[in-house]
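Encoded as structure tokens, here's the structure I'll be asking about.
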Amino acid sequence: MRKQLYILALTGLLSVPAHADESENLDRIEKNITESLKSYNLDGKLTRIRNTPFGNLYEVMIGPDVFYMSGDGRFVLKGDLLDLQEQKNISEEQRALARKEILESIPPKEYIEFAPEKTEHVLYVFTDVDCVFCRRLHQDVPALNEQGIAVRYLAWPRNGVNTEAGNIMQSVWCADDRQKALTDAKNDKPVDSRECPNPVEKQYKLGHMIGVRGTPAIYLEGGQDLRGYRSPEEIA
């Protein structure tokens, strides 16, 4: 019964006709949606509201999170919008674009990069120092570099910042030679304990915001999520 009611409600939502001049009503629609989001105390900054092919259904983005709302702000549809004709996931494409903007905004001094002489492509990797597949990926870095792929590491201690791994990663990011310190940590070699202003906690929170749930979390330069460890051949 709940499923039938949901289908009826969704059918009614999608069947509402679009206004003759949608642009004249966009301000009102944005106001409705914004006020509705505030009333439900949804966290995060509203980054975009835009039309969809479904008349009264609008794409809403909070950070990289995508969902859909009716123009009056009453109905919310949480899930991916698929284009079966084009065989693509429209929602994931928008999430990737949002992640791309976020990752590109990270200052170079805040990530640890292993780059070839001539960089053709870039990977962003949220990593931990003691996860098995993070260590395997780190062994693949020379092979990735040979194919013109740079690896930009971001800190994501899986069990939290205030843990042994979190403390090691803060020392890594404070080291004089951060590449060597990260490599040593992933090879179970000791890393000198260091303290300094560092981005580990900031990157840990950023990972949560864009959907990191485990490590290594690998993102292409276009923001696409590779979802876990991949071999250099697969990545290339």
Any heavy-atom pair between the side chains of Met169 and Gln203 that's under 4.5 Å? no
Go through the structure and list residues passing ring-ring contact (aromatic ring centres under 6.0 Å, His included) with Tyr204, not counting sequence neighbours. Trp156, His208
Mark yes when over 12 heavy atoms from residues, nucleotides or ligands other than Asp192 sit less than 6.0 Å from its CG; otherwise mark no. no
Whether Lys186 engages the ring of Phe114 as a cation-pi pair (distance to the six-membered ring centre under 6.0 angstrom, angle to the ring normal within 45°) should be assessed. no
Taking all heavy atoms of Val125 and all of Pro216, pick out the closest pair and write down the distance. CG1-CB, 4.0 Å
Shortest non-hydrogen contact between Lys100 and Glu221, atoms and distance: CG-O, 3.4 Å
Arg48, CZ atom: more than 12 neighbouring heavy atoms under 6.0 Å: yes
Leu97 versus Glu101: any side-chain heavy-atom pair under 4.5 Å? no
Ionic contact status for Asp140 with Arg230, cut-off 4.0 Å: no
Decide yes or no for Asp177 and Gln179: does some side-chain heavy atom of the first lie under 4.5 Å from some side-chain heavy atom of the second? yes
Distance, nearest 0.5 Å, that separates CG of Leu154 from CH2 of Trp173: 7.0 Å
Do any side-chain atoms of residues 61-69 form donor-acceptor pairs under 3.5 angstrom with protein atoms, and if so which ones, sequence neighbours left out?
residue: Asp65; atom: OD1; partner: Lys78; partner atom: NZ; Å: 2.6
residue: Asp65; atom: OD2; partner: Lys78; partner atom: NZ; Å: 3.2
residue: Tyr68; atom: OH; partner: Ser91; partner atom: OG; Å: 2.5

Would you say Leu220 ends up clustered with Tyr153 if hydrophobic residues are merged whenever their side chains have heavy atoms under 4.5 Å apart, either directly or through other cluster members? yes
Tell me whether the count of non-hydrogen atoms from other residues, nucleotides or ligands lying under 6.0 Å of CD in Glu164 goes above 12. no
Partners passing salt bridge (Lys or Arg N to Asp or Glu O under 4.0 Å) against Arg95 (at least two apart in sequence or in another chain): Asp80, Glu92
Looking at Cys131 and Thr215, what are the two nearest heavy atoms and their distance? SG-OG1, 3.4 Å
Look up atom OG in Ser70 and atom CG in Asn32, then write down how far apart they are to the nearest 0.5 Å. 8.5 Å
Nearest-0.5 Å distance, OG1 of residue Thr163 to CG of residue Asn167: 6.5 Å
Considering only heavy atoms from C-beta outward, does the side chain of Ile112 approach that of Thr127 to under 4.5 Å? no
Heavy-atom pair with the smallest gap, counting every atom of Glu113 and Ala150: OE2-CB, 3.6 Å
If you count every heavy atom of other residues, nucleotides or ligands that lies below 6.0 Å from Glu195 atom CD, does the total exceed 12? no
Against the six-membered ring of Tyr229, is Arg136 placed for a cation-pi contact (under 6.0 Å from the centre, within 45° of the normal)? yes
Should the heavy atoms of other residues, nucleotides or ligands under 6.0 Å from CG of Asn162 be counted, would the total exceed 12? no
For the CD1 atom of Ile210 and the OH atom of Tyr219, what is their distance to the nearest 0.5 Å? 4.0 Å
So if you build clusters from Ile, Leu, Val, Met, Phe, Trp, Tyr with side-chain heavy-atom gaps below 4.5 Å, do Ile102 and Tyr124 land together? yes
Taking atom CD of Gln87 as the centre, report whether more than 12 heavy atoms of other residues, nucleotides or ligands fall under 6.0 Å from it. no
Should we count CD of Glu201 as having more than 12 external heavy atoms under 6.0 Å? no
Heavy atoms of Ile168 and Ala185 approach each other most closely as CG2-CB, 4.0 Å
Is a side-chain N or O of Arg178 found less than 3.5 angstrom from the main chain of Tyr111, in a donor-acceptor match? yes
Ile218 vs Leu137, test: side-chain contact (heavy atoms from CB on, under 4.5 Å). Steps then yes/no. CA-CA 10 Å; Ile218 307 172; Leu137 179 66; 3.9 Å; yes
Might you work through the side-chain contact (heavy atoms from CB on, under 4.5 Å) test for Ile90 and Leu82, ending with a clear yes or no? CA-CA 6 Å; Ile90 296 174; Leu82 308 178; over 6 Å; no
How many angstroms lie between OG in Ser105 and CD in Glu110, if you round to the nearest 0.5 Å? 9.0 Å
Using 0.5 Å steps for rounding, measure from the CG atom of Asp225 to the CZ atom of Arg213. 10.5 Å
Just so I know, are the side chains of Arg194 and Asp176 near enough to count as touching, which here means a heavy-atom distance under 4.5 Å? yes
Of the non-hydrogen atoms in Arg99 and Gly223, which two are nearest, and what is the gap between them? NE-O, 2.8 Å
Does any part of the side chain of Lys31, heavy atoms only, come nearer than 4.5 Å to the side chain of Glu35, both counted from C-beta? yes
For the residue pair Arg135 and Asp188, establish whether any side-chain heavy-atom pair is separated by less than 4.5 Å. yes
Whether the side chain of Asn198 engages the backbone of Val200 through a donor-acceptor N/O pair (distance < 3.5 Å, no angle test) should be reported. yes
Taking the side chain as C-beta and beyond, is there a heavy-atom pair between Leu206 and Ile106 under 4.5 Å? yes
